[in-house]
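These figures come from a predicted structure and were not determined experimentally.
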Amino acid sequence: MKSIAALQAVVTANPFDGEPSDAELDAIEQELPLILAEVDLLDAQIMTIDRPVTELDERRLRRARNRVLAARRGLTNRAGIALAGA
């Protein structure tokens, strides 16, 4: 039986240390407003799973959706400005 252990060093030349790189952390930081808005929307949706949706719930969901859309718009605009400036 042929062992592939000798080839492993070639495949994994740079061992993964489990930590995100600086570029990945910067990308997460830029997307953080969108991530938080999506978490808020998910929380609002979870609250309405096991009960009838009230008027207050509808407003909460609508506001959370609007925050997600605004965060996406802001992220898209920043990406467009960065591309135009590059």
Taking distance alone, no hydrogens or angles, what donor-acceptor pairs closer than 3.5 Å link side-chain atoms of residues 20-33 to residues at least two apart or in another chain?
residue : atom : partner : partner atom : Å
S21     : OG   : E24     : N            : 3.3
E24     : OE1  : S21     : N            : 2.8

Could you give the side-chain donor-acceptor pairs of residues 58-70 under 3.5 Å, partners two or more places apart or in another chain?
residue : atom : partner : partner atom : Å
R60     : NH1  : D57     : OD1          : 2.9
N66     : ND2  : R62     : O            : 3.3

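Atom-to-atom distance recorded for T48:OG1 and L56:CG is 11.5 Å, nearest 0.5 angstrom. To the nearest 0.5 Å, atoms CG (L42) and CE (M47) are separated by 10.0 Å.
Only one option out of D43, L41, I49 pairs with Q45 in a side-chain contact (heavy atoms from CB on, under 4.5 Å); it is L41.
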